[in-house]
Number of protein chains: 2
Amino acid sequence: MTSTDASPPPPNPPLRPTRQRRAVVEAMASFADFRSAQEIHELLGQRGEAVGLATVYRTLQRLAEAGEVDVLRTEDGEAIYRRCSDTHHHHLVCRACGATVEVEGPAVERWTRSIAGEHGYADVSHTLEIFGTCAACR
Amino acid sequence: MTSTDASPPPPNPPLRPTRQRRAVVEAMASFADFRSAQEIHELLGQRGEAVGLATVYRTLQRLAEAGEVDVLRTEDGEAIYRRCSDTHHHHLVCRACGATVEVEGPAVERWTRSIAGEHGYADVSHTLEIFGTCAACR
DNA sequence: CCACGAGTTGACAATCGTTCTCAATTGATC
DNA sequence: GATCAATTGAGAACGATTGTCAACTCGTGG
Ligand SMILES: [Zn+2]
Ligand SMILES: [Zn+2]
Ligand SMILES: [Zn+2]
Ligand SMILES: [Zn+2]
């Protein structure tokens, strides 16, 4: 090619390390259960690291896209977040206190893929969450 | 017991077969993918069986509680409904057209229960949905 | 056939989580 | 320090869902 070699490299705008961004990440590291954006926003306020609510929402979205945090939906549709390991896993959540355990299951991964394949579905992905009452809450 | 045998049976108010209720149930039988309350409300209007939006929401909730329909949450938190068989099952949904297949997996049921047990969780329940692109959409 | 009471309905207001707007700030670079 | 795009935050705007409440409707009994 001569001059029309304009390559279309994904112009992902570079993220910048701001006080707010740092504060949210640190806050996410301070608890192990799933929390709503509003709760996290409040927690930041208490910590003296006030961050605008809109920014909390934006940052949480970024982190979720980046796979830094996992997102779940409460029964009434509210999004709740939790910092998580970067490998694929699922959650075992206590209905009473929210205590969460990350769990893995190769068999399940295999099963979903095969059942989808049998029905002619491709590009398979899935969501799986387990709920129960933990020992401490009984 | 003599007189203090006042049993506390949940006084579930008896449901009444109204035109609206029937209309919603029939509408739910007319499609096989997941739809939002608003879409169902609109569908009813087109069918000449107009039903108030609030009533559609209320009816859908009742049906969901009764296990007559399954509820899912879109990625942005909107509730979507689908009439389903009454036995426990999961869904294989096409991301493009919404085509849905009900699937069962005894192995998965067993796995979730045992993994929860291993971690000391009781009263186990779970949610599992599989997404992919169906043959027709490829 | 009519009165009666609890269940229902629907138009509309009110919630509430989340996103949008946009002027002011800030971080990186030269 | 000048420059410019990325970022922020206060508040408005949105959109799905729920609450309100007077009018309505289905049994039931008289
Ligand atoms: Zn996780
Ligand atoms: Zn998985
Ligand atoms: Zn189903
Ligand atoms: Zn199951």
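All chains are named by letter (A, B, ...) in the order of the sequence lines, taking the proteins before the strands, and each is independently numbered beginning at 1. These values consider heavy atoms only, across backbone and side chains, with no hydrogens, waters or symmetry-generated copies.
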For [X] and [N], give me the distance from atom [atom1] to atom [atom2], rounded to whole Å.
X	N	atom1	atom2	value
A:Leu60	C:dT19	CG	C1'	14 Å
A:Arg73	D:dA16	CZ	P	13 Å
A:Asp76	D:dT18	CG	C1'	11 Å
A:Ile80	C:dT18	CD1	C1'	16 Å
A:Glu75	C:dG17	CD	C1'	17 Å
A:Leu53	C:dT21	CG	P	17 Å
B:Tyr57	D:dT20	OH	C1'	17 Å

Exercise. Residues from residues 18-52 of chain B sitting under 4.0 Å of DNA chain D, heavy atoms only?
Worked result: B:Gln38

Exercise. Does the side chain of B:Gln61 get closer than 4.0 angstrom to OP1 or OP2 of D:dT17 through an N or O atom?
Worked result: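 No.
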
For this session: Could you tell me whether B:Gln46 atom CD has more than 12 heavy atoms of other residues or ligands within 6.0 Å of it?
Result: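 Yes.
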
For this session: Determine, step by step, whether A:Tyr57 and A:Gln38 satisfy the side chain to side chain contact (heavy atoms under 4.5 Å, CB included) criterion, reporting the C-alpha distance in whole Å, the side-chain angles of both residues, the deciding distance to 0.1 Å, and the verdict.
Result: CA-CA 8 Å; A:Tyr57 272 106; A:Gln38 315 227 31; 3.7 Å; yes

Problem set entry | Validation row, ring centre A:His126 to ring centre B:His91 under 6.0 Å |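 Between A:His126 and B:His91, the centre distance exceeds or equals 6.0 Å.
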
For this session: Output the single nucleotide from C:dG7, D:dT17, C:dT26 whose closest atom is nearest the side chain of B:Glu78.
Result: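 Nearest to the side-chain atoms of B:Glu78, counting from C-beta on, is D:dT17.
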
For this session: Go through C:dG10, C:dG27, C:dT8 for me and flag the one nearest to the B:Leu15 side chain.
Result: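 The answer is C:dT8.
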
Exercise. Any chain of hydrophobic side-chain contacts (each under 4.5 Å) joining B:Trp111 to B:Leu92?
Worked result: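 Same cluster: B:Trp111 reaches B:Leu92 through Ile, Leu, Val, Met, Phe, Trp or Tyr contacts under 4.5 Å.
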
Problem set entry | In one Ile/Leu/Val/Met/Phe/Trp/Tyr side-chain cluster, 4.5 Å: B:Ile80, B:Phe31 |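 No, B:Ile80 does not connect to B:Phe31 through the hydrophobic network.
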
Exercise. Starting at the 5' end of DNA chain D, which residue's closest nucleotide do you reach first, B:Arg16 or B:Tyr81?
Worked result: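 Its nearest nucleotide being more 5', the pick is B:Tyr81.
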
Exercise. For the base of C:dT19, is there a side-chain donor-acceptor partner from A:Arg58 under 3.5 Å away?
Worked result: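 It does not, because no donor-acceptor pair links the side chain of A:Arg58 to the base of C:dT19 below 3.5 Å.
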
For this session: Go through the structure and list residues passing ring-ring contact (aromatic ring centres under 6.0 Å, His included) with B:His41, not counting sequence neighbours.
Result: none

Exercise. For the side chain of A:Glu65 and the backbone of A:Arg62, is there at least one donor-acceptor N/O pair under 3.5 Å apart?
Worked result: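 Absent.
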
